[in-house]
Protein chains: 2
Amino acid sequence: MPDPPPSLDPVQLGAYFALIEVTSLLRHAVEQQLREAGDLSYVQFQLLARLGDAPTGSHRMTDLADGVVYSRSALTYQAGLLEKAGLVTRAQAEDDERGTTVTITDAGRERLARVFPGHIEIVQQLLFEPLSGADVKALAALLEPVRDHMRAIPPRSAAPRRRRHAS
Amino acid sequence: MPDPPPSLDPVQLGAYFALIEVTSLLRHAVEQQLREAGDLSYVQFQLLARLGDAPTGSHRMTDLADGVVYSRSALTYQAGLLEKAGLVTRAQAEDDERGTTVTITDAGRERLARVFPGHIEIVQQLLFEPLSGADVKALAALLEPVRDHMRAIPPRSAAPRRRRHAS
DNA sequence: TATTGTTATACTCTATAACTATA
DNA sequence: TATAGTTATAGAGTATAACAATA
């Protein structure tokens, strides 16, 4: 067998294209709402939401970076913006002197609260309106395993031929 | 009823988050592959693919812009890059003196062909590997109506609190 | 030595508004 | 007037590599 089949069947193509377009349109609408309602980019919202979800309201930089897929420097940049806006604080981690702990502030939670209703409204209208309860369940059941698979398979270097540190 | 319910149930949240993360990871992997294999951004690939699909290999600028959601100027920028790289040509439309027709070149088709196998391989491995044939069918059946709904509902101005049809 | 995080830098991409030309 | 497309501009965001400090 010559490795993986070099094509997608029509059904796969349909699913793939629909997935791409649905997410693209949804993302676009959400970004607009977040910007208008709370002057937040999507990434900033994700960071705030992640902090807001945490029991302590805090995360290490590395944890945040892992969750958002970005480079460290991109996270530093965004954390800097959020800090300047008073939505988070940064402090040295207690257990590891190298680390930085990011914590959401009251203003951050407030901002999150201000933005959330509109966010949910859009997701509800755009994504879920045409789906029945059973549909939503089915969608989650389909996508959650895919997500787990994606998280597991490529540690972060889904590169076909990359190899680091050849020392 | 106070308009739309201000929350998502746990199943909806699961579906929403999985959708976002799956697409984000997939997109990231695909972008990397396109860049490495053919020095193309995702947008550029989309444009080329759209032109390659067209019977004539051509599209009007406006048609391309509509499909890629972007602003006109962003499209002009990308078309300029593709033209500079010799992957497309731009010429005045025949029927409408205002219009510009973009056409994919042989080099453009070649580039597309060079990039496609790796693209498909990634989608196959990341998205479809954990899904059965029936799953894929179900996924398409769920997402395609959502896509149609999204295309139809908000003409492009999903304003946060505007209520349309107040007539 | 490896890891955490920051900084400097360069680059890509996008949107807005002003502008030209045609319908 | 409205539409098609371009241009100028300005801003947001990202990645890379070099760096400092701690493990």
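All chains are named by letter (A, B, ...) in the order of the sequence lines, taking the proteins before the strands, and each is independently numbered beginning at 1.
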- Message: Just N and O in the side chain of Q44(A): are any of them under 4.0 Å from OP1 or OP2 of dA12(D)?
- Response: no
- Query: Does a salt bridge link E31(A) with R35(A), judged by any charged N lying under 4.0 Å from a carboxylate O?
  - Reply: no
- Message: Show the nearest heavy-atom pair for residues S7(A) and Q12(A), with the distance to one decimal.
- Response: O-OE1, 4.4 Å
- Item | Interatomic spacing from CE in M61(B) to OG1 in T76(B) - rounded to 0.5 Å | 4.0 Å
- Query: Between atom CZ in R35(A) and atom C1' in dG13(D), what is the gap in whole Å?
  - Reply: 11 Å
- Query: D39(A) CG to dA12(D) P: how many Å, rounded?
  - Reply: 9 Å
- Gap between atoms CG and P, on L82(B) and dT12(C) respectively (whole Å): 14 Å
- Query: Which of parallel (below 30°), tilted (30 to 60°) and perpendicular (above 60°) describes H119(A) and F116(A)?
  - Reply: parallel
- Message: Would you compute the distance between atom CD1 of I104(A) and atom CG of L82(A) and round it to the nearest 0.5 angstrom?
- Response: 9.0 Å
- Base, sugar-phosphate, or nothing for L64(A), non-hydrogen atoms under 4.0 angstrom? nothing
- Task: Find out whether T23(B) and R27(A) are in side-chain contact, i.e. whether some heavy atom of one side chain is under 4.5 Å from a heavy atom of the other.
- Result: no
- Query: When the distance from CD of Q46(A) to C1' of dT14(D) is rounded to whole Å, what number comes out?
  - Reply: 15 Å
- Task: Can you figure out which of dG13(D), dT22(D), dA15(D) approaches the side chain of E97(A) most closely?
- Result: dT22(D)
- Note on the structure: Here the distance between atom P of dA23(C) and atom CD of E94(B), to the nearest Å, is 14 Å
- Task: Find the distance H28(B):NE2 to dG13(D):P and express it as a whole number of Å.
- Result: 16 Å
- Message: Return a single string for nucleotides 4-9 of chain C, one symbol per nucleotide in 5' to 3' order, where B is base contact, S is sugar-phosphate-only contact and - is none, cutoff 4.0 angstrom on heavy atoms.
- Response: BBBB--
- Query: Quick one: L81(B) CG to dT14(C) C1', roughly how many Å, whole number?
  - Reply: 12 Å
- Task: Establish, with yes or no, whether the OP1 or OP2 oxygen of dT22(D) is under 4.0 angstrom from a side-chain nitrogen or oxygen of Q92(A).
- Result: no
- Task: With sequence neighbours excluded, give me every side chain to side chain donor-acceptor pair (under 3.5 Å) pair touching residues 89-102 of chain A.
- Result: E83(A)-R90(A), D96(A)-R98(A)
- Task: Would you mind reading off the distance between E83(B) atom CD and dG5(D) atom P, rounded to a whole angstrom?
- Result: 14 Å
